[in-house]
Number of protein chains: 2
Amino acid sequence: MPLLTSSEGKYLKAIYTLSSAGKESVSTNAIAAQMGTKAASVSDMLGKLAEKEMISYRKYYGVHLTEKGHKTALGILRKHRLWEVFLVDKLRFQWEEIPQIADELEQLDHPLLIQKLDEYLGYPKFDPYGDPIPDEFGDFQTKARVPLQDMPVDMTGKIAAVKDNTASFLRYLDKMGIYIGARMVVLEKVEFDGSLELMVDNQRKVFVSREVAANILVQPL
Amino acid sequence: MPLLTSSEGKYLKAIYTLSSAGKESVSTNAIAAQMGTKAASVSDMLGKLAEKEMISYRKYYGVHLTEKGHKTALGILRKHRLWEVFLVDKLRFQWEEIPQIADELEQLDHPLLIQKLDEYLGYPKFDPYGDPIPDEFGDFQTKARVPLQDMPVDMTGKIAAVKDNTASFLRYLDKMGIYIGARMVVLEKVEFDGSLELMVDNQRKVFVSREVAANILVQPL
DNA sequence: CAATTTTTTTAGTCATGCCTAAATATCTAT
DNA sequence: ATAGATATTTAGGCATGACTAAAAAAATTG
């Protein structure tokens, strides 16, 4: 009876995430991997989403979000990111459980709740991971962002987001004193292995590997 | 896989509500009415709850909460009422949608979330309707409360809770300037029809009928 | 106290969302 | 171009939580 079940919402968000990374159509297997389900389950769900005109679906050739699906996904993303701001700014959560909790909160469907939450939070434009929060019309700001890996030596920037949200990665960053919003400058790049030496907050020297640098996005200043 | 599905939680809360009103065992039909489902669905669910040892269930003779079920229900009530405080104190909700939204929020199962929410709200002891919030061990304060109807003339008190949570009743109270926490004194009781004249906040004279007075609980001061 | 009414339970169905196993389509490499 | 590998879909099942209709137990009442 709801426009969208909570499961359908999760699929839609997964499809959005995958299709905004690479532009082409999204494969069944990619969705299954993202969602932690099996391909057969995905096939089932794609049928349902296609019937609700959220996706265009040609069998064996993957899916695209329709305009309607895109709007809906942005609405879910908006809720997710607003709740993340709440968890961090108000409840003082550390990284760990935030995405999971927000995954559940985002499924609540009460426009007034989200409107009041947005107001209460002061209409934030970015979530704690630096990802933009769509407004109620689905518009959001994009800011230039560079993988840390691609920053030249001496360039300064602000840590804007992480690509990998696993708990272990976030814990690692915590331990290294790397957090969203931290100012940093690249001191040296080691050509041999692609690792970097950073100065964070003008006070801490930090070494990160190429793998880590690839998962950190920086907004150049 | 979860200890309790969200549906089971709703049943448990309904059983708690019904059994804390009248002490005896709760009937299948009463639960069905409370939940807006059919008796057959309730019978199904009672079987499941009995297997999880949340209730003791003798066929055809209604149910009682077990110690475990009682604790669990109090945990749900705790979450429900904390979220209600959040909705009113922080998001500035008016009465209307609060119970529905809290019904959904209460099903989230993240102990840390509730702990942090509790802290953020300043460990409130009562929800916006004046109902006590159990602590993490299930203990809660009970305060003496009297139906407004039973207050003698000249007695002062604080509006503590309403028995009827329908939107129309709450709107009516709003219009009359009656709200939880308001100080009031009974000026006059009309024997003929049981209606009362109140002085609210030391500044407004308000007339209420016997029916309305029966649905307002006052904490004498 | 026996017949009728009410309440509760059982039996059978349906939709959702997941799964495994099998079938089928597409892709890749020789 | 076709065999083998890979990806996707179909088919059939299972659990949850609801429903209707029918059966059975309990309560009521004349």
Side-chain angles (χ1 to χ4, degrees), chain A residues 1-15 18-19 22 24-65 69 72 76 100 103-104 106-109, chain B residues 1-15 18-19 22 24-65 69 72-73 76 103-104 106-109:
Chain A
M1 273 304 176
L3 184 65
L4 223 55
T5 67
S6 120
S7 216
E8 286 166 347
K10 286 174 192 163
Y11 274 95
L12 223 46
K13 202 182 63 164
I15 295 168
L18 293 168
S19 65
E24 331 88 46
S25 77
V26 178
S27 78
T28 301
N29 259 0
I31 298 170
Q34 174 86 13
M35 301 272 309
T37 62
K38 294 303 174 71
S41 310
V42 176
S43 278
D44 266 10
M45 184 55 85
L46 294 185
K48 290 172 198 164
L49 288 173
E51 248 176 52
K52 297 195 178 183
E53 299 183 316
M54 292 294 177
I55 58 172
S56 64
Y57 175 37
R58 205 179 124 222
K59 276 181 192 173
Y60 294 103
Y61 288 90
V63 295
H64 287 279
L65 290 178
T72 308
I76 296 170
Q100 287 149 263
D103 274 348
E104 302 185 36
E106 81 190 9
Q107 298 304 333
L108 298 188
D109 185 28
Chain B
M1 277 304 177
L3 184 66
L4 223 58
T5 67
S6 121
S7 217
E8 287 166 347
K10 286 174 193 164
Y11 274 95
L12 221 47
K13 202 181 66 166
I15 295 168
L18 293 168
S19 65
E24 330 90 45
S25 76
V26 179
S27 77
T28 300
N29 259 0
I31 298 170
Q34 174 88 10
M35 302 271 309
T37 64
K38 295 301 175 72
S41 311
V42 175
S43 278
D44 266 11
M45 183 57 83
L46 294 185
K48 290 172 198 164
L49 288 173
E51 248 175 51
K52 298 197 179 185
E53 300 182 316
M54 292 294 177
I55 57 173
S56 64
Y57 175 38
R58 203 178 126 222
K59 278 182 193 173
Y60 294 103
Y61 287 90
V63 295
H64 286 279
L65 289 179
T72 308
I76 295 170
D103 274 349
E104 302 186 35
E106 83 190 9
Q107 298 303 333
L108 297 188
D109 184 28

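Throughout, protein chains are lettered first and strands after them, A, B, ... in sequence-line order, and every chain is numbered starting at 1.
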Discussion item. Using every non-hydrogen atom in the two residues, find where Glu104(B) and Leu108(A) come nearest and quote the distance to one decimal.
Written reply: OE1-CD2, 3.4 Å

Worksheet item: Is Lys59(A) near enough to dT10(D) that one of its side-chain N or O atoms lies under 4.0 angstrom from OP1 or OP2?
Response: yes

Worksheet entry | Pairing of Lys48(B) and Glu8(B) as salt bridge, 4.0 angstrom limit | no

Just the table, please: protein N/O against nucleotides 22-24 of chain C N/O, every pair under 3.5 Å.
none

Item to complete: Report the C-alpha distance between Ile15(A) and Leu46(A) in whole Å, list the side-chain angles of each, state the deciding distance to 0.1 Å, and finish with yes or no for side chain to side chain contact (heavy atoms under 4.5 Å, CB included).
Response: CA-CA 10 Å; Ile15(A) 295 168; Leu46(A) 294 185; 4.2 Å; yes

Discussion item. Would you say Ser7(A) places a side-chain N or O within less than 4.0 Å of OP1 or OP2 belonging to dC18(C)?
Written reply: yes

Worksheet item: dT9(C) phosphate, OP1 or OP2: any side-chain N/O from Thr28(B) under 4.0 angstrom?
Response: yes

Worksheet item: What are the residues of residues 29-42 of chain B, sorted by number, that bring a heavy atom to within less than 4.0 Å of DNA chain C?
Response: Asn29(B), Ala39(B), Ala40(B)

Item to complete: Among the candidates dT9(D), dT16(D), dG17(C), find the nucleotide nearest to the side-chain atoms of Ser43(A).
Response: dT9(D)

Worksheet item: Can any side-chain N or O of Ser43(B) pair as donor or acceptor with the backbone N or O of Thr28(B) at less than 3.5 Å?
Response: no

Item to complete: Examine dT16(C): is either OP1 or OP2 under 4.0 Å from a nitrogen or oxygen in the side chain of Lys48(A)? Give yes or no.
Response: no

Worksheet item: Are Lys13(A) and Asp103(A) within salt-bridge range, i.e. N to O under 4.0 Å?
Response: yes

Worksheet item: Between Leu12(B) and Met54(B), what is the shortest heavy-atom contact and its length?
Response: CD1-CB, 3.9 Å

Item to complete: Establish, with yes or no, whether the OP1 or OP2 oxygen of dG17(D) is under 4.0 angstrom from a side-chain nitrogen or oxygen of Lys10(B).
Response: no

Discussion item. It should be established whether Ser27(B) places a side-chain nitrogen or oxygen under 4.0 Å from OP1 or OP2 of nucleotide dT7(C).
Written reply: no

Discussion item. For a quick test of reading the model, state the closest non-hydrogen atom pair linking Ala32(A) to Lys38(A) and the distance between them.
Written reply: CB-C, 3.8 Å

